[in-house]
Amino acid sequence: MTRSKRKWDHIQYALSTGQTRLSGFDDITFVHQSLPDVSVDQIQLASQIGELQLSSPIFINAMTGGGGENTYQINRDLAQVAYRTNIAMAVGSQMSALKDPEERKTYEIVRQENPTGIIIGNLGSEATPEQAKAAVDMISADALQIHLNTVQELTMPEGDRSFVGALNRIDKIVQSLNVPVFVKEVGFGMSKETAVKLSSVGVSAIDVGGFGGTNFAKIENERRDRTLSFFNQWGIPTACSIIEAKESQAALSIIGSGGIQTSLDMLKALSLGASAVGLAGYFLKILLKSGKDSLENEISEIKNELIMMMTALGATAVSDLQKVPIIISGNTHHWLNERGIQ
Ligand code: FNR
């Protein structure tokens with residue numbers, strides 16, 4: 001199977017396997033405040049991930065690595081939406097374009113459509129420092145994401161089987177690049193133990209990529225004769241993962257992602273300790289089913305809804321959300337107790 005066929009299968013299966021509501025956000029409730037003492041026009045959506053300044057905490061997370069006309073068009077449309085809504089965007093894995101120059105245009109179009117916006121490159125943890133630098137140069141990236149996807153690789157029939165030395169390679173990439181390095185999961189979440197290891201090599205941010213949204217075990221299992229079905233339920237729910245990462249590494253920027261679909265999910269992720277939120281599957285679905293104008297409209301509506309809810313909570317800045325009182329119930333409460341997190 002060619003790489004571009006596999007990537008197109010990913011897109012199709014991402015849409016058909018759907019997103020669950022298992023990311024844990026339903027366990028989080030805001031404590032209503034009747035005297036917020038702010039007005040709507042005081043609310044600022046600006047935020048930052050590590051050294052990167054963002055005009056809004058929302059960004060389009062990595063999708064559509066690999067070549068082919070379909071992925072080129074998706075990247076072009078996503079880049080146009082990112083430009084018009086002034087939000088950051090991460091591209092999908094650039095490894096294919098490092099191996100085959102024909103595929104570079106799938107990524108270069110993103111920078112062409114959005115010359116001044118924040119664009120984040122993407123590679124796997126098998127990358128060398130030279131490949132990391134080439135990926136950044138390809139799109140003049142403002143930061144580089146390194147994805148960790150052990151369970152996806154194991155479920156993929158043709159996937160990697162050795163994960164030895166990943167932290168060491170990330171360390172070398174962090175040392176050699178002059179842009180921030182973010183490390184992300186792809187839907188299985190990050191534990192506090194992983195956060196400690198990543199922090200020790202100086203990454204700028206952790207994108208938890210938690211369980212409850214796009215499910216790459218299910219997607220890869222669709223392509224297997226004998227499924228590894230035990231991986232379908234594998235992973236740390238996004239809400240738990242944000243809290244784990246933030247509690248263990250308070251100084252590190254945390255990105256909330258994995259199953260985020262609504263402005264309320266975003267607000268909850270930001271209140272749990274994230275300083276930005278990444279959406280992949282939900283945005284892709286809107287783009288492919290309803291078009292780029294619908295996606296642009298959805299992002300504008302979401303920003304407006306965030307402002308309404310921040311007003312109700314009396315939080316004028318995104319960072320204030322980490323101080324608003326919340327109630328944590330259900331499985332998320334149980335998880336945190338078991339993990340010794342208060
Ligand atoms: C992805 N994702 C992804 N991540 C990554 O780091 N590199 C990649 O190339 C891709 N490719 C990719 C393709 C498609 C079609 C989808 C839907 C997703 C993973 C993505 O960035 C994110 O971590 C997960 O999808 C979980 O977030 P959502 O989809 O639940 O918002």
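For ligands, and for the atoms within them, numbers begin at 1 and follow the listed sequence.
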Handout entry: Candidates L123, N122, D100 - the one meeting side-chain contact (heavy atoms from CB on, under 4.5 Å) with M95
Key = L123
Which atoms of ligand 1 have any heavy atom of [X] under 4.0 Å away?
X    : value
G258 : 27 (O), 30 (O)
E185 : 23 (O)
A14  : 17 (C)
S93  : 7 (N), 8 (C), 9 (O)
G213 : 30 (O)
I11  : 15 (C)

Sidechain N-carboxylate O distance under 4.0 Å for [X], [Y]:
X    : Y    : answer
K292 : E298 : no
R84  : E296 : yes
E108 : K105 : no
E244 : R339 : yes
K268 : D265 : no

Exercise for the section: Determine whether the side chains of D207 and S257 contain a donor N or O and an acceptor N or O closer than 3.5 Å. Expected result: yes
Practice task
Please work out whether any backbone atom (N, CA, C, O) or any side-chain heavy atom from C-beta onward of Y282 is under 4.0 Å from ligand 1, and answer side chain, backbone, both or neither.
Solution key: neither
Handout entry: Within reach of ligand 1, part of N122 (heavy-atom separation under 4.0 Å)
Key = side chain
Does any N or O of ligand 1 fall below 3.5 Å from an N or O anywhere on [X], backbone included?
X    : value
G278 : no
H10  : no
A62  : yes

Problem - ring pair (Phe, Tyr, Trp, His ring centres under 6.0 Å) against F231, all qualifying residues, sequence neighbours excluded - result: W234
Exercise for the section: Would you check whether F283 reaches within less than 4.0 Å of ligand 1, judged by its heavy atoms? Expected result: no
Exercise for the section: Determine whether any heavy atom of Q261 lies closer than 4.0 Å to an atom of ligand 1. Expected result: no
Fill in the blank from the handout: Closest non-hydrogen contact found for A205 with I255 is CB-CD1, 4.3 Å
Problem - Selection from G281, G256, G259 by shortest heavy-atom distance to atom 30 (O) of ligand 1 - result: G259
